[in-house]
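I have placed the structure first, in the form of structure tokens, so that the comments after it can refer back to it.
Order of the sequence lines sets the chain letters (A, B, ...), proteins ahead of strands, with each chain counted from 1.
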Amino acid sequence: DAKTTQPNSMESNEEEPVHLPCNHSTISGTDYIHWYRQLPSQGPEYVIHGLTSNVNNRMASLAIAEDRKSSTLILHRATLRDAAVYYCILSQWGSQGNLIFGKGTKLSVKP
Amino acid sequence: GAVVSQHPSRVICKSGTSVKIECRSLDFQATTMFWYRQFPKQSLMLMATSNEGSKATYEQGVEKDKFLINHASLTLSTLTVTSAHPEDSSFYICSARDMGSEGRDGYTFGSGTRLTVV
């Protein structure tokens, strides 16, 4: 699986937007970009995923660069409950493979 | 949405004893389940891949005789830590794969089990 690079940590103020970047310069044409987050002492939680087009759901938006070598997870209004470690992961849909977790970005949200 | 139930959430056991952790897919059939281990302030590390009706595939460095995995049905996989030692103390997380439609994310995680070996 292709590797991803994320900043170790980021800070945000409550109710402000947050942009979490991810670089994946070796992404293949069939790799989907997945984002998961892990709150303290819990299992990871699905956030969003996409292939080429930008995606929106109730939790977040995913902006994918035209060359697909990077992507950005956007939390439109950060809340204290969004404080977590966010993982950007590449995986081929339909494969029997697992998700390989990198170190992720630890997001802190200040009130 | 898909739900994976993992039990127990927390367990303390004595050194040398065995502990079983259960992972159930509640509303879908999981042909493949994954077991991860996470040490404090570290990321998740895959231990093994469990396929229903067949032997699990272990990652390099993971002792298959120590971490017994059974995936006897499409909704249940178990991880047994045998002869546990303090260094096995960790956060264990299971994940189930649902090979559904493309529009649905295929990985759902349990809430994790905090194992402490004393």
ask   = Is a donor on one side and an acceptor on the other found under 3.5 Å between the side chain of B:Ser111 and the backbone of A:Gly43?
value = no
Chain B contact via A:Gln38 - which portion, at a heavy-atom distance below 4.5 Å = side chain
task = Examine B:Tyr58 and B:Phe34 and state if one hydrophobic cluster contains both, with Ile, Leu, Val, Met, Phe, Trp and Tyr joined whenever side-chain heavy atoms are less than 4.5 Å apart.
result = no
key: Whether A:Tyr87 side chain and B:Ser43 backbone form a donor-acceptor pair below 3.5 Å   = no
ask   = Crowded around A:Asn8 CG? As in, over 12 foreign heavy atoms under 6.0 Å?
value = no
task = Each residue besides B:Ile12 in its hydrophobic cluster should be listed here, by chain and number; the cluster joins Ile, Leu, Val, Met, Phe, Trp and Tyr at side-chain heavy-atom distances under 4.5 Å.
result = B:Val118
ask   = Mind checking whether A:Val18 and A:Trp35 sit in one hydrophobic cluster, side chains of I, L, V, M, F, W, Y counted as touching below 4.5 Å?
value = yes
Exercise: identify the closest heavy-atom pair between A:Pro44 and B:Phe109 = O-CB, 3.3 Å
remark   = Okay, B:Gln6 and chain A: the region with an atom under 4.5 Å from a heavy atom over there is neither
ask   = When only heavy atoms count and the cut-off is under 4.5 Å, which of residues 68-94 of chain B reach chain A?
value = B:Phe91, B:Ile93
Value rounded to 0.5 Å, distance of CG in B:Leu44 from NZ in A:Lys103 = 14.5 Å
request  = Indicate if A:Val47 and A:Ile74 have the same hydrophobic cluster label, given that clusters are the connected sets of ILVMFWY residues with side-chain heavy-atom separations under 4.5 angstrom.
outcome  = no
message = Quick check: is A:Met59 connected to A:Leu20 through a chain of hydrophobic side chains (ILVMFWY, heavy atoms under 4.5 Å apart)?
response = yes
query = With ring centroids as reference points, do A:Tyr36 and B:Tyr36 lie under 6.0 angstrom apart?
reply = no
message = Quick check on B:Lys66: does its NZ atom have over 12 non-hydrogen neighbours (other residues, nucleotides or ligands) under 6.0 Å away?
response = yes
ask   = In Å, rounded to the nearest 0.5 Å, how long is the span from CZ of A:Phe101 to CD of B:Gln38?
value = 9.0 Å
ask   = Out of curiosity, B:Arg97 CZ to A:Leu99 CG, how far, rounded to the nearest 0.5 Å?
value = 7.0 Å
note = Interatomic distance, CZ@B:Arg10 vs OG@A:Ser41, rounded to 0.5 Å, equals 6.5 Å
query = Should A:Leu80 and A:Leu73 be counted in the same cluster of Ile, Leu, Val, Met, Phe, Trp and Tyr side chains packed under 4.5 Å apart?
reply = yes
